[in-house]
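Some notes on the structure that comes next.
Keep in mind that this is a model prediction, so the values were computed, not measured. Here is the naming used below: chain letters follow the sequence lines, and residue numbers restart at 1 for every chain.
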Protein chains: 2
Amino acid sequence: MDMQVEHGDRASAICRAIRRAILERALMPGDKLPEDQLGERFGVSRTIARHALGQLASEGLVELRRNRIAVVATPSFEEARDEFDIRIELERLVVRALCGRLSQRQIEELRAHALEEEKARDGSEVVSLRLATEFHVRLAEMTGKPTLLRYVRETAYRSCLSLATFGRPHSSDCAIAEHREVIDALVAGDETRAMSVMAGHLDEVARRALLQTPEPRGDLMDILAPYAAVDAPIPAPKRRKRSV
Amino acid sequence: MDMQVEHGDRASAICRAIRRAILERALMPGDKLPEDQLGERFGVSRTIARHALGQLASEGLVELRRNRIAVVATPSFEEARDEFDIRIELERLVVRALCGRLSQRQIEELRAHALEEEKARDGSEVVSLRLATEFHVRLAEMTGKPTLLRYVRETAYRSCLSLATFGRPHSSDCAIAEHREVIDALVAGDETRAMSVMAGHLDEVARRALLQTPEPRGDLMDILAPYAAVDAPIPAPKRRKRSV
DNA sequence: CACACAACAACTGCATGCACTTCCTTGCAC
DNA sequence: GTGCAAGGAAGTGCATGCAGTTGTTGTGTG
């Protein structure tokens, strides 16, 4: 019933920490997650760390390959697009389930959340991205449908990974307005409008995020062109070997 | 990329075996899965068995509770209904992705599968249920979208659990016809029709399976009434303590 | 005879240790 | 200086052992 799979609370604590780190872009796609370092950091044995990594892998946030260090997942462009398609349908189900059924308490909480997003608008981009994601997850939680919650949460978190890979700087202005629109439609009990607003919102997010085409990387030599001049300032500094 | 989470192949072998056992109703909701017995049966240590159980739990097929023996999940009636709602949307995405894009080879395979379902019609119900489920999973595989496949597979397998809990005897006749209709619509490239046929099919399955209302179980005493007369023949023999 | 309770068996939670693989570094040949 | 191979460091795969929990059975008491 609880849909809680992370039995021992120690493994789930690691999962939460890593999820949050991904959400806040402290961990980026490809970053390494060695199970012993992880265990040491959290004061548990490799067994637990390993268990947590397995859990995260099943959520699609981490990639496990035999005999290799686990890494934060690196979604491909197609996967990112497909993910959003799924997410749109799932969140349509969320608003459908919620429409006109929100308690006063829940409405207040959602409005408070939107307000917080508002306040974070000029703050760090990391915070507003986290708040935006949490908005969607909170909605899914309110349905009380465990599977729906799980899938929405997973796709939402993976969306963040996609954004980290392909996304341009997140402009939260319109997103907040759209969140408010969703809340209003839910309160008004206008199912059709709520669903289309939500779908439109997510489509907009996906469009903004995945604007650039898969960039077929015409020729490797072209890519290397700006690097040709030795000691020239290089646009994006290459990161290597990131880890916990 | 592989979306494969079951790294060591030994754990994945256990997962597959249990999934199949659930599909074929060899394992029923509530059946116990002690990790040491599991390990012994598959010739691995508890560590691996435990890992497999964690994986299955994340798929919603198994319930883990701290310090307790893992059991095959027992979906509630509401969960079953919600699950089907999700599944319908997911499989609509599947046919949308597939419509008019099937290779000749894939078309043949699907037709062959339908034929096999046809042949199994008069055989054991277990086989036809398995084939019916595999049909949906095969479709999802053909999309090449890893997340979509994972979610369809999970919901499909959990549907079997719901059917085992609430379903009446599975009548596969119409199901096969509906599968054929889906194939035809896909081949014809009629997206709208394909999606509505698939949605209708799943809705029909859900309706047939979950026909009986949540049965509020008016009073516990009423339920026990037929058992009141000592030594009277009892309609449904109570099963206790099933296990691997 | 019903019931509380104690002892035991079964099982899980977790850390640790060993074997094996991967990956990096160093050193050597060219 | 370059290519490459061998050695070692780092990390994973897995079994096992022990501590703690749960469930059950048998026993004594009102």
Side-chain angles (χ1 to χ4, degrees), chain A residues 1-18 27 30-58 61-74 230 238-244, chain B residues 1-18 27 30-58 61-74 230 238-244:
Chain A
M1 180 99 314
D2 196 5
M3 213 62 187
Q4 189 70 327
V5 69
E6 306 150 4
H7 31 140
D9 258 4
R10 335 238 233 132
S12 83
I14 298 181
C15 284
R16 269 195 302 274
I18 293 181
L27 283 175
D31 285 355
K32 297 183 178 179
L33 300 168
E35 44 190 54
D36 50 358
Q37 287 180 40
L38 223 51
E40 197 177 348
R41 183 74 66 184
F42 285 87
V44 298
S45 81
R46 284 204 304 124
T47 308
I48 308 298
R50 186 183 184 74
H51 202 79
L53 286 174
Q55 173 65 24
L56 291 167
S58 85
L61 292 180
V62 156
E63 280 168 21
L64 295 178
R65 281 169 345 196
R66 191 176 178 83
N67 284 324
R68 289 235 178 33
I69 301 180
V71 296
V72 176
T74 309
V230 275
K238 278 303 179 207
R239 294 181 330 143
R240 288 287 70 173
K241 255 194 153 180
R242 289 210 22 163
S243 138
V244 291
Chain B
M1 191 98 329
D2 196 5
M3 213 59 186
Q4 188 70 328
V5 71
E6 304 149 5
H7 30 138
D9 260 4
R10 336 237 231 132
S12 84
I14 298 181
C15 284
R16 270 195 302 274
I18 293 182
L27 282 174
D31 284 356
K32 297 184 179 181
L33 300 168
E35 44 190 54
D36 50 358
Q37 289 180 40
L38 222 50
E40 198 177 347
R41 185 73 66 185
F42 286 87
V44 297
S45 81
R46 282 203 306 123
T47 308
I48 308 298
R50 187 182 184 73
H51 202 80
L53 286 173
Q55 173 64 25
L56 290 167
S58 85
L61 293 180
V62 156
E63 279 168 20
L64 295 178
R65 281 169 345 193
R66 190 174 179 83
N67 285 324
R68 287 236 178 35
I69 301 180
V71 295
V72 176
T74 309
V230 273
K238 277 306 181 205
R239 294 183 330 145
R240 287 287 71 173
K241 252 193 159 186
R242 287 209 22 162
S243 140
V244 289

d(CG, A:Leu53; P, D:dT12) in whole Å: 8 Å
Nearest to side-chain heavy atoms of B:Asp36, which nucleotide of C:dA15, D:dT22, C:dC11: C:dC11
At what distance, to the nearest 0.5 angstrom, does NE2 of A:His51 lie from OG of A:Ser45? 11.5 Å
If you define the side chain from C-beta out and look only at heavy atoms, does anything of A:Leu27 sit under 4.5 Å from A:Leu33? yes
Compare the minimum distances between each of D:dA15, C:dA15, C:dT21 and the side chain of A:Val44, then state the nucleotide with the smallest one. C:dA15
Ranking D:dC14, D:dT12, C:dC23 by distance to the side chain of A:Arg68, first place goes to C:dC23
Quick check for you: among D:dC14, C:dA15, C:dG13, whose closest atom lies nearest to any side-chain atom of A:Arg66? D:dC14
note: A:Ile14, atom CD1; C:dC14, atom C1'; distance rounded to Å ~ 12 Å
What is the distance, rounded to the nearest whole Å, between atom CD of B:Glu40 and atom C1' of C:dC11? 13 Å
Could you give the CG-to-P distance, from A:Leu38 to C:dA15, as a whole number of Å? 13 Å
B:Ala70 and B:Val62 have their tightest heavy-atom pair at CB-CG1, 4.0 Å
Using a cut-off of strictly less than 4.0 Å, decide whether A:Arg50 has a side-chain nitrogen or oxygen near OP1 or OP2 of D:dG13. yes
Distance, rounded to the nearest Å, where B:Lys32 contributes NZ and C:dA10 contributes C1': 10 Å
Supply the atom-to-atom distance B:Thr74 OG1 to B:Asp31 CG, rounded to the nearest 0.5 angstrom. 8.5 Å
What's the NE2-P distance between B:His51 and D:dC14, to the nearest Å? 9 Å
Sidechain-backbone polar pair: A:Gln55 side chain, A:Ser12 backbone, donor-acceptor under 3.5 Å: no
To the side chain of A:Ile69, which of D:dG11, C:dT12, C:dT21 is closest? D:dG11
Any side-chain N or O of B:Gln37 less than 4.0 Å from the OP1 or OP2 oxygen of C:dC11? yes
Between D:dG13 (C1') and A:Asn67 (CG): distance, integer Å: 7 Å
Return the nearest nucleotide to the side chain of B:Pro34; candidates are D:dG11, C:dG13, C:dC11. C:dC11
Using atom CZ of A:Arg46 as one end and atom C1' of C:dC14 as the other, report the distance to the nearest whole Å. 13 Å
Proximity to the side chain of A:Arg10 - top-ranked nucleotide from C:dC14, D:dG11, D:dG13: C:dC14
